[in-house]
Each structure stands twice: as structure tokens, then as C-alpha cells.
Amino acid sequence: SIVMWVFVAGAFVIPTLSDRVGLRKAFFVPCMFATGVFIISGAFLVGTPLWIVAAVWGFAAGASPIAFVIPLEMAGVGTALAGSALGIAVTAGYLGGFVGPLLCARIAEVSPVAGFAFGGVCYALSALFFLFLKETGPRVRAAQ
């Protein structure tokens, strides 16, 4: 539960910093990659080190709400298509939220460490895919 409690703090702090700095990728990419690394490392830790990793993992995962801002800031979406863009993003998130744990559980039955690795790789892949998007933050829009 420490992951989720600290996620709440991260979900306030990281997107707010992203707004203040005016960049999205600079926060989302390192935070999601770090989350993936911390998930995998959680498979090998116990006691206080696990608590620390879980807290950092939760805080870094707090960058995930930034993914809901990007579609609204993309050129061509605007207010007319904002609902559709967010609907697609949320649908993809729900699909991943449904299928991901099922796959992870099946993998963890074979090898618990592989289950952690699957979850960590999913977060790291989101960071990798995010690299292919254009930066959309307010600083970028103001410069255009």
C-alpha cells in the first residue's frame, strides 16, 4: 500500500512541476523509466530497502497523469476532439489495467521475478514510446 499512498503525493507534485517548467517529456520519461526499474528491483528486496524502493516507485509513478494532458495539447486535437482523445487514452488504460495484471499473474506463476520484470518493462516501454511524441508542454506552445 505504500506505493499507492506515495503515488498520491507524486501525482500532485510531478504534474505540477511539469506545468511550471512547461515540459512533459522531461518529467514523464525519466519517472516512468525509474518506476520500471524500481518495480523490478522490488523483486529482490525485503525490509527497509523494499519500503524505500516502494516509496520512490510510487512517487515516480505519480508522473502518469501527464499522459492524460498530452492528447489535449497535441496539434489538431483542440477542444472539439478533446473528449474523443481522452476517451481513447482512458480506454487503452483500462484495457491495459485489465489485461496487464492477468498476464503478470500468469507470468508470476512460472517465475515471481519474471512477473515483476513484466510490470517493470511495461512502465519502461511507456517511457520509450513517449520519446516518439512531440513535446507539447506550455513552454513549447508559447514558443510557436
Side-chain angles (χ1 to χ4, degrees), residues 1-77 81-143:
S1 66
I2 188 72
V3 173
M4 297 312 295
W5 282 106
V6 179
F7 171 86
V8 172
F12 280 110
V13 172
I14 296 170
T16 300
L17 287 174
S18 174
D19 286 342
R20 295 248 171 122
V21 172
L23 299 171
R24 305 295 178 214
K25 290 166 68 169
F27 289 88
F28 187 89
V29 172
C31 286
M32 288 300 105
F33 185 77
T35 298
V37 170
F38 289 124
I39 289 171
I40 294 167
S41 66
F44 301 100
L45 301 171
V46 295
T48 302
L50 179 58
W51 277 85
I52 293 167
V53 163
V56 178
W57 154 8
F59 190 82
S64 60
I66 293 172
F68 293 101
V69 175
I70 295 297
L72 301 177
E73 295 178 338
M74 294 178 104
V77 174
L81 298 174
S84 297
L86 286 177
I88 291 169
V90 170
T91 300
Y94 284 156
L95 180 62
F98 176 76
V99 174
L102 295 173
L103 287 172
C104 192
R106 294 294 252 182
I107 293 167
E109 286 176 1
V110 176
S111 168
V113 172
F116 277 86
F118 174 77
V121 168
C122 287
Y123 273 90
L125 282 175
S126 76
L128 177 68
F129 291 144
F130 215 83
L131 287 173
F132 293 103
L133 297 175
K134 285 185 175 181
E135 179 61 66
T136 64
R139 183 191 310 174
V140 173
R141 285 194 319 255

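Just so it is clear, the model here is predicted, and its values are computed rather than measured. Sequential numbering from 1 along the given sequence is applied to the chain's residues.
- Although no hydrogens or angles enter the test, the distance criterion places no donor-acceptor pair under 3.5 Å between the side chain of S18 and the main chain of I14.
- The minimum heavy-atom distance between V53 and L45, with the atom names listed, is CG2-CD1, 3.3 Å.
- P71 and A85 get closest at one heavy-atom pair: CB-CB, 3.8 Å.
- If you take OG on S126 and CZ on F33, they are separated by 11.0 Å, rounding to the nearest 0.5 Å.
- Environment of CZ in F7: crowded, with over 12 heavy atoms of neighbouring residues, nucleotides or ligands closer than 6.0 Å.
- The minimum heavy-atom distance between P49 and V46, with the atom names listed, is CD-O, 3.2 Å.
- Side-chain N or O atoms of E135 include one that pairs as donor or acceptor with a backbone N or O of K25 at under 3.5 Å.
- Evaluated for a side-chain contact (heavy atoms from CB on, under 4.5 Å) with W57, the options V6, I39, I2 yield exactly one hit, I39.
- Taken from SG in C31 to CZ in F59, the straight-line distance is 7.5 Å, to the nearest 0.5 Å.
- The CZ atom of F27 lies 5.0 Å from the CG atom of L17; values are rounded to the nearest 0.5 Å.
- Between the CZ atom in F130 and the CD1 atom in I66 there is a gap of 7.0 Å [rounded to 0.5 Å].
- Between P15 and R24 the shortest heavy-atom distance is O-NH1, 4.5 Å.
- In plain terms, the two heavy atoms of F12 and V8 that are nearest each other are CD1-O, 3.0 Å.
- Contact detail for A63 and F28: the closest heavy-atom pair is O-CD1, 3.6 Å.
- Distance check: F118 CZ to S111 OG gives 13.5 Å after rounding to the nearest 0.5 Å.
- Y123 OH: 12 or fewer foreign heavy atoms inside a 6.0 Å radius.
- In this structure, CG on L81 lies 11.0 Å from CG on L86, to the nearest 0.5 angstrom.
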